[in-house]
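Below is one structure, written out as structure tokens, with a few remarks after it.
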Amino acid sequence: MSNYQPNFNDPRILARVKRALTTVAQYTKSGQKSWISSKELYKHFGNTSRQPGKYLKDMLLTVADPYYNPITGICKKYIRNEDGIREVQRLAGIDPMGYQLTPELEQQLDSGDFEYNEKSDRLYNPIQYIPKQVRGSIMANKGFEYHYDIEAAAPNLLVQRAKKLNPDLSLPNLEYYNNNRSQVRDAISANTGITPAQVKSVINGVLQGGVVSCWQGGKIFQALDYSYNSITNLKHDPVFQGIQSDIRSLWQTLKEEFPKRYLTDKNGNTRSQRLSSKQKSELYRLLENEVGGVIRRLLRKRKIKCLWIHDGWCCNKFIDPLDVELEVRRVTGYSVKLEWNKYKDM
């Protein structure tokens with residue numbers, strides 16, 4: 001590493017540092033390999049072959065797997081450099097628990113009027129990418145101390161949608177998981193050696209079209225730290241296999257929601273085309289947005305300010321979860337269950 005050190009008193013450098021730190025927080029988890037494209041690095045770090053982009057990349061990330069293939073889309077894999085992150089935060093005068101917000105985000109927090117970019121039926125705000133515990137502290141200090149999450153939002157909403165199409169559809173393993181998530185995750189964790197958090201990521205990934213395989217570019221393989229043993233263990237675990245089987249049945253029913261598309265092979269045989277991961281994710285986000293829209297309208301009606309975070313929110317006033325659940329059911333017909341807490345109780 002060169003002796004170069006950025007001028008942290010330069011506002012432009014400081015802004016670049018904050019973007020780079022936010023990107024690392026968004027794309028990586030402690031101790032886990034993550035692939036990041038050179039395009040994303042260039043966008044948020046700047047040119048990483050020149051300073052200060054090179055300094056930030058060297059300090060914040062460590063290459064864990066240098067292999068990449070631009071044709072197949074496989075990117076280099078990195079792990080976050082915890083010591084380097086702390087050093088950059090120290091030199092830049094950034095309190096890791098205080099988190100240095102831009103003036104624009106400070107203004108949004110003070111006013112409670114949050115600005116979002118909408119993409120694929122989801123609302124995005126930079127505050128969402130701040131690590132959860134740090135974000136909770138920031139929000140609470142600004143008066144947003146009530147935190148709500150929709151329990152098992154993706155599997156619950158998709159199961160209910162499928163049963164509207166086929167009331168006789170039986171999904172015992174997936175429904176048991178929806179109602180006993182911690183217990184099931186712990187059981188799969190004990191059987192496979194992966195963490196309950198990884199179990200959650202894998203099930204959500206499969207639900208939205210992910211494949212349990214050792215493909216280097218797969219998000220599920222990435223979530224399992226590229227462990228071949230974990231993939232093998234999941235493929236032999238009866239609890240996980242039961243859930244995966246039900247997910248296949250779920251999408252066989254939900255396929256009716258999409259226009260029929262067909263493929264013709266080289267022998268002239270025509271067959272129905274499988275749903276893509278993108279189509280599956282789009283349907284869930286459509287349902288998530290439908291439910292979220294009802295909740296956001298109710299919050300506005302009650303004059304409650306909130307930051308929306310995909311399948312949950314944090315707000316400046318308490319709202320009875322039962323009121324929200326009843327309103328969602330009245331408007332959409334879907335049953336949701338909320339978890340909530342007050343930040344100072346967390």
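A donor and an acceptor atom, one from each side chain of Ser281 and Gln208, are located under 3.5 Å apart. If you check the side chains of Gln244 and Asn173, you find no donor sitting under 3.5 Å from an acceptor. In summary, the side chains of Ser49 and Asn47 do present a donor paired with an acceptor at a separation below 3.5 Å, with no hydrogens or angles considered. Under 3.5 Å, the side chains of Tyr176 and Gln183 contain a donor-acceptor pair of N or O atoms. Side-chain contact of Arg296 with Asn289: a donor-acceptor pair under 3.5 Å is present, judged by distance alone.
Lys142 has a carboxylate O that lies under 4.0 Å from a charged side-chain N of Asp110, or vice versa, which qualifies the two as a salt bridge. Using a cutoff of 4.0 Å between basic side-chain nitrogens and carboxylate oxygens, Glu257 and Lys255 are not scored as salt-bridged.
No close placement of the Trp35 and Tyr68 rings is indicated, their centers lying 6.0 Å or farther apart. For Phe144 and Tyr343, the ring centers are positioned 6.0 Å apart or more. Ring centers of Tyr116 and Tyr124: at least 6.0 Å apart, outside the cut-off.
Interatomic distance, Ser277 OG to Glu282 CD, rounded to the nearest 0.5 Å: 11.0 Å. Residue Ile194 holds its CD1 atom at 8.5 Å from CG of Asp237, rounded to the nearest 0.5 Å. Rounding to the nearest 0.5 Å gives a distance of 10.0 Å between SG of Cys315 and CH2 of Trp340.
Closest non-hydrogen pair, Leu207 versus Trp251, comes out as O-NE1, 2.8 Å. Smallest separation of non-hydrogen atoms from Ala153 and Tyr284: CB-OH, 3.5 Å. When all heavy atoms of His147 and Gly136 are compared, the closest pair comes out as CE1-CA, 3.8 Å.
Contact annotation: the side chain of Glu87 never approaches that of Asp83 to less than 4.5 Å [non-hydrogen atoms, C-beta and beyond]. Counting only heavy atoms from C-beta outward, the side chains of Val184 and Phe240 never approach each other to under 4.5 Å.
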Salt bridge (charged side-chain N to carboxylate O under 4.0 Å, His left out) between Arg329 and Glu327, worked out: CA-CA 5 Å; Arg329 186 161 191 171; Glu327 181 70 1; over 6 Å; no

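Note on Leu165 and Phe258: same hydrophobic cluster, where clusters join Ile, Leu, Val, Met, Phe, Trp and Tyr whose side-chain heavy atoms are under 4.5 Å apart, directly or indirectly.
Applying the side-chain hydrogen bond (donor to acceptor under 3.5 Å, both in side chains) rule to Arg122 yields the partners Glu288; only residues at least two apart in sequence or on another chain are considered.
A cation-pi contact, defined as under 6.0 Å to the ring centre and within 45° of the axis, is absent between Lys33 and Tyr78.
The aromatic rings of Trp308 and Trp313 lie parallel to each other, with less than 30° between the two planes, well short of the 60° mark.
Checked against Lys57 for a side-chain contact (heavy atoms from CB on, under 4.5 Å), the options Ile36, Asn81, Val24, Leu41 give a single hit: Leu41.
Sorted by first and then second residue, the pairs that involve residues 175-185 and meet salt bridge (charged side-chain N to carboxylate O under 4.0 Å, His left out), not counting sequence neighbours, are Glu151-Arg181, Lys163-Glu175, Arg181-Glu339.
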